[in-house]
Visitor: 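First the structure, which I've put down as structure tokens, then a few questions once you've had a look.
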Amino acid sequence: MKQFYKMLWILPLAFVSFNAAGQLNLIKGKVVDGSSGKPVEYAYVLNYSQQRQIYCNTNGEFQLNALVGDTLVLYAIGYLYQKIVVEDS
């Protein structure tokens, strides 16, 4: 039996400026289907480095605190997970 998985993508909505080392900053984003561009409802977003998790809303939007260098993991049922490293903006 073949299983098909779609790719998740994150669209940065408003990455705030990271100016102080070691300071948590608010990150806002949107998780969308990689092929259709439609939002992925209730996708799971994990800040692996801080061990904090949240779920996206019905529009695929989320916000969480992170440091530069933190690893975010995005996951939703029927999709492959994706890892993203937070970079300075």
Side-chain angles (χ1 to χ4, degrees):
M1 178 161 79
K2 275 187 164 179
Q3 290 185 348
F4 294 96
Y5 292 97
K6 298 178 182 180
M7 293 296 295
L8 289 173
W9 294 95
I10 181 172
L11 296 177
L13 294 179
F15 284 100
V16 293
S17 174
F18 295 97
N19 46 12
Q23 180 182 359
L24 284 175
N25 294 282
L26 182 65
I27 295 178
K28 297 179 182 181
K30 185 172 186 176
V31 179
V32 297
D33 183 295
S35 58
S36 71
K38 293 183 180 179
V40 178
E41 297 179 350
Y42 306 112
Y44 175 76
V45 181
L46 167 68
N47 182 333
Y48 186 77
S49 305
Q50 303 287 327
Q51 291 300 305
R52 296 182 184 187
Q53 68 256 349
I54 59 162
Y55 288 93
C56 296
N57 63 17
T58 55
N59 297 320
E61 299 167 339
F62 70 92
Q63 41 183 336
L64 63 100
N65 291 314
L67 297 168
V68 172
D70 280 358
T71 301
L72 305 181
V73 180
L74 308 168
Y75 177 77
I77 294 174
Y79 292 87
L80 296 172
Y81 73 91
Q82 182 177 2
K83 291 183 180 180
I84 298 171
V85 177
V86 177
E87 297 178 354
D88 193 3
S89 61

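Residue indices begin at 1 and follow the sequence shown. Quick caveat, the model's predicted, so the values are computed rather than measured. What you see below is based on every heavy atom in this structure, not just the backbone, and it leaves out hydrogens, waters and symmetry mates.
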Visitor: Would you say Val85 and Tyr81 are hydrophobically clustered, going by side-chain heavy atoms of ILVMFWY under 4.5 Å?
Guide: no
Visitor: Test your reading of the model: is there a side-chain donor-acceptor pair from Thr71 to the backbone of Ser49, 3.5 Å cut-off?
Guide: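 No.
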Visitor: Would you check if the side chain of Asn57 reaches a backbone N or O of Asn59 as a donor-acceptor pair within less than 3.5 Å?
Guide: yes
Visitor: Is it true that Tyr42 and Tyr75 fall in one hydrophobic cluster, defined by side-chain heavy atoms closer than 4.5 Å?
Guide: no
Visitor: Please give me the minimum heavy-atom distance between Gly60 and Pro39, naming the atom from each residue.
Guide: N-CB, 4.0 Å
Visitor: With no hydrogens and no angle check, is any side-chain donor or acceptor of Asn47 less than 3.5 Å from a backbone partner on Asp70?
Guide: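 No: the side chain of Asn47 does not pair with the backbone of Asp70.
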Visitor: Apply side chain to side chain contact (heavy atoms under 4.5 Å, CB included) to the pair Val45 and Tyr55, showing each step before the final yes or no.
Guide: CA-CA 6 Å; Val45 181; Tyr55 288 93; over 6 Å; no
Visitor: Which one of Asn25, Leu72, Leu67 satisfies the side-chain contact (heavy atoms from CB on, under 4.5 Å) criterion with Val86?
Guide: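 Of Asn25, Leu72, Leu67, side-chain contact (heavy atoms from CB on, under 4.5 Å) with Val86 is met by Leu72 alone.
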Visitor: How far does CG of Asp33 sit from CD of Glu41, to the nearest 0.5 angstrom?
Guide: 12.0 Å
Visitor: In Å and rounded to the nearest 0.5 Å, what is the CD to CD1 distance from Gln63 to Ile27?
Guide: 11.0 Å
Visitor: Just one of Val40, Leu74, Val31 clears the side-chain contact (heavy atoms from CB on, under 4.5 Å) bar with Tyr79, so which one?
Guide: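 Single side-chain contact (heavy atoms from CB on, under 4.5 Å) partner of Tyr79 among Val40, Leu74, Val31: Val40.
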